[in-house]
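Both backbone and side-chain heavy atoms feed into the values below; hydrogens, waters and symmetry mates do not. A quick note: this is a predicted structure, and the numbers were derived from the prediction, not measured.
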Amino acid sequence: MPFVTREKEFKIVVGFLLLGISLLWIYKFPYLGLPYFWDEGWSYATAVYRMSTQNLCLLPSCLDPELSRGHPLLFYFMNAAVAKVFGFSPLVMHAFSLIVASVTLVVFFFILLRFTNPVFALLGTWLLLVQEVFLVQSSFLLPEVFISLLIIITIYFLFAGKTWWYIITASLLVLTKESGMVVVTALYIANFSLQLKQQLKGPNKSYHRLITYHLLLSIPLIIGIAFYLIQKWTYGWYFYPVHIGMMNFDWSVISNHLLLIRMFIFSGYGREHLSVIMGIFILLIIISMLWQQKKIEPGIFRITFFLLIVFVSYSLFSSVNYISLRYLIPLVQLFIFLLVIWGYQLYVWGFRYTPYLFYVSIAFALYHDSTSNSTWIDDVSIHYTDNAEIGCKAVEFMEEKQAHSKKIWTTYTISHDLTHPELACLNGPPFTNVMSDTLVNDADYYIFVNFPLIEACYDQVKMNDSLVLEKRWEKGYAWCEVYARK
């Protein structure tokens, strides 16, 4: 914007940033009151509700491990605190999640601004905003957006030498989820390696100062370790045994998970064009450095090193664990951040058309969001709203049938809706004879939804001559069926 002053340019850019956040709220507002969907309902919502009815605290004993799943309790703590003040309901909890997502966008913008200019920072923030996974998860009662916020701000504070702020945000990160320990450990090792290299090749620093500095940086790790030691003392295990049982170090599994991560980040959900842009940027950077002798600011190398270390360590940790695609939101954020800062570096070198590539990327992402017709619905799919609504219809139907004492078999998500009033599907007392997981042959009713669908059980019930399809609902790509005995 050569025709305006920098101050006016910044005001215009901030205006467009606020416009983006406002449009996010306008888009999400009709869905804030929707019932909790999938992991929201059967895991996090019930746990947050339970903590909101008792004393708030961060110790492992504060929440039944069947609810916390052995996770650190900060995310439950802060949402339960909101519920204590404003009440526990889908509207309140989803609105608070959307506030966290809005703060994430603002923080992302200002950190990008530290390495680029206002226009590039805005483009990068809009590019994150219009990703389907961010749009969907921005209002969910799930921790991944909050984790993304903590990761990017922790990386920045370490880079900027703001030690005490780093200690605070890194401590919050390790108290949010196990992956926080992985990220903070990776950053600690990365920073130590840079400090060691500088000590060996540059002017020597006082060993006393170095030791003090690294002891300070280890405080978040000590806090994280303390939590798991207390958990071991309380329950007899460091990490939730079910989750440990889901870890797999077989190379074929790891390679498949890494392939899934690569496909999701670089080519899934309308991000193919970003991989093309990344390839263009890498080629232009190589040409500029080898043939044009362009120089890169040391700070760009350093922040890139931190971002890549976190990206790789988080990917490797994910590859040996059970993967839900929403877990990868932090990686999408890091990918966009890297793309924008290196795009700006090319812009500084004279490649003045790089901003237009981001304009095109935002347009492609919006086109993907508005035309997505995937029949697969999960909690990173823009069509999740259909499933969130249709699950409660089955609960309402069973209430109309007054089947509270009947034997019901269903998926674990619907079973929670039938038995937990806090999930907002029930209008009356909870059902008392509900089963899930292993299929039983003597249930009075069987309820299926398209996601999550246990196909073997569904096929078996459909072929059972003693059962009849009593009710079916459809909404968009979502459906729900209730089978009853003849």
Side-chain angles (χ1 to χ4, degrees), residues 36-85 88-90 92-94 96-97 100 137 140-151 170-184 220-247 317-318 320-324 326-327 329-330 379 412-413 415-417 419-424 436-437:
Y36 303 107
F37 176 60
W38 197 21
D39 280 3
E40 271 193 306
W42 77 270
S43 179
Y44 282 91
T46 301
V48 169
Y49 173 76
R50 183 69 60 81
M51 182 175 279
S52 72
T53 62
Q54 56 196 36
N55 292 329
L56 302 177
C57 79
L58 294 171
L59 294 175
S61 58
C62 297
L63 201 58
D64 186 331
E66 291 300 312
L67 295 175
S68 71
R69 319 296 284 180
H71 297 316
L73 301 183
L74 176 62
F75 182 78
Y76 304 96
F77 178 97
M78 69 179 196
N79 281 277
V82 171
K84 271 187 175 292
V85 176
F88 183 85
S89 71
V92 169
M93 304 320 300
H94 289 158
F96 178 64
S97 295
V100 172
Q137 282 290 309
F140 271 50
L141 181 56
L142 293 170
E144 277 66 37
V145 172
F146 182 57
I147 290 170
S148 297
L149 167 64
L150 291 177
I151 286 177
S171 298
L172 295 177
L173 185 54
V174 301
L175 290 175
T176 301
K177 209 169 182 183
E178 292 84 348
S179 55
M181 284 291 289
V182 176
V183 170
V184 174
L221 293 175
I222 294 171
I223 291 173
I225 291 170
F227 175 86
Y228 294 108
L229 287 174
I230 295 171
Q231 188 151 262
K232 169 69 173 177
W233 180 72
T234 305
Y235 299 116
W237 39 261
Y238 298 105
F239 303 102
Y240 192 55
V242 174
H243 290 170
I244 293 296
M246 298 170 73
M247 297 184 73
F317 176 73
S318 300
V320 300
N321 283 280
Y322 170 79
I323 288 186
S324 180
R326 75 166 193 272
Y327 298 166
I329 294 177
D379 56 5
Y412 61 90
T413 53
S415 71
H416 272 68
D417 289 334
T419 55
H420 290 76
E422 71 272 9
L423 300 185
S436 59
D437 299 324

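Using a 4.5 Å cut-off on side-chain heavy atoms (C-beta onward), M247 and Y322 make no contact. Contact of the M246 side chain with the N321 side chain is not registered, since no non-hydrogen atoms from C-beta on lie closer than 4.5 Å. Put simply, the side chain of P72 does not reach to within 4.5 Å of the side chain of T176, judged on heavy atoms.
A cation-pi geometry, defined here as NZ or CZ lying under 6.0 Å from the six-membered ring centre and within 45° of its normal, does not hold between K232 and F239.
Counting only distance, with no hydrogens or angles, the side chain of K84 and the backbone of M51 share no donor-acceptor pair below 3.5 Å. Between the side chain of E40 and the backbone N or O of F140 there is no donor-acceptor pair closer than 3.5 Å. The main-chain N or O of W42 is never found under 3.5 Å from a side-chain atom of T46 such that the two would form a donor-acceptor pair. Under a 3.5 Å cut-off, the side chain of Q231 and the backbone N or O of G70 do form a donor-acceptor pair. Of the possible donor and acceptor atoms, none in the side chain of Y76 sits under 3.5 Å from a partner among the backbone N and O of C57. With S324 contributing its side chain and Y327 its backbone, the two residues share no donor-acceptor pair below 3.5 Å.
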Test W38 against Y412 for side-chain contact (heavy atoms from CB on, under 4.5 Å), laying out the working first. CA-CA 9 Å; W38 197 21; Y412 61 90; 2.7 Å; yes
Test side-chain contact (heavy atoms from CB on, under 4.5 Å) on L73 and S68 and set out the steps. CA-CA 7 Å; L73 301 183; S68 71; 3.7 Å; yes
Give the intermediate values and the outcome of side-chain contact (heavy atoms from CB on, under 4.5 Å) for residues D39 and R326. CA-CA 11 Å; D39 280 3; R326 75 166 193 272; 2.8 Å; yes
One pair to check against side-chain contact (heavy atoms from CB on, under 4.5 Å): M181 and I225. What are the steps and the verdict? CA-CA 9 Å; M181 284 291 289; I225 291 170; 3.9 Å; yes
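With values rounded to the nearest 0.5 angstrom, I147 atom CD1 is found 5.0 Å from E144 atom CD. Put simply, CD1 on I230 and OH on Y235 are 11.5 Å apart, with the number rounded to the nearest 0.5 Å. In this structure, T234 OG1 and F227 CZ are separated by 8.5 Å, a value rounded to the nearest 0.5 Å.
With respect to R50 and E422, no salt bridge is recorded, no charged nitrogen being found less than 4.0 Å from a carboxylate O.
Inspection of the Y228 and W233 side chains reveals no N or O donor paired with an N or O acceptor under 3.5 Å.
Between H94 and Y36, the ring centre distance stays below 6.0 Å.
Using the six-membered ring where Trp is involved, H243 and Y240 have ring planes that are perpendicular, over 60° apart on the 30 and 60° scheme.
Sparse packing is recorded around OH of Y49, with 12 or fewer heavy atoms of other residues, nucleotides or ligands lying under 6.0 Å away.
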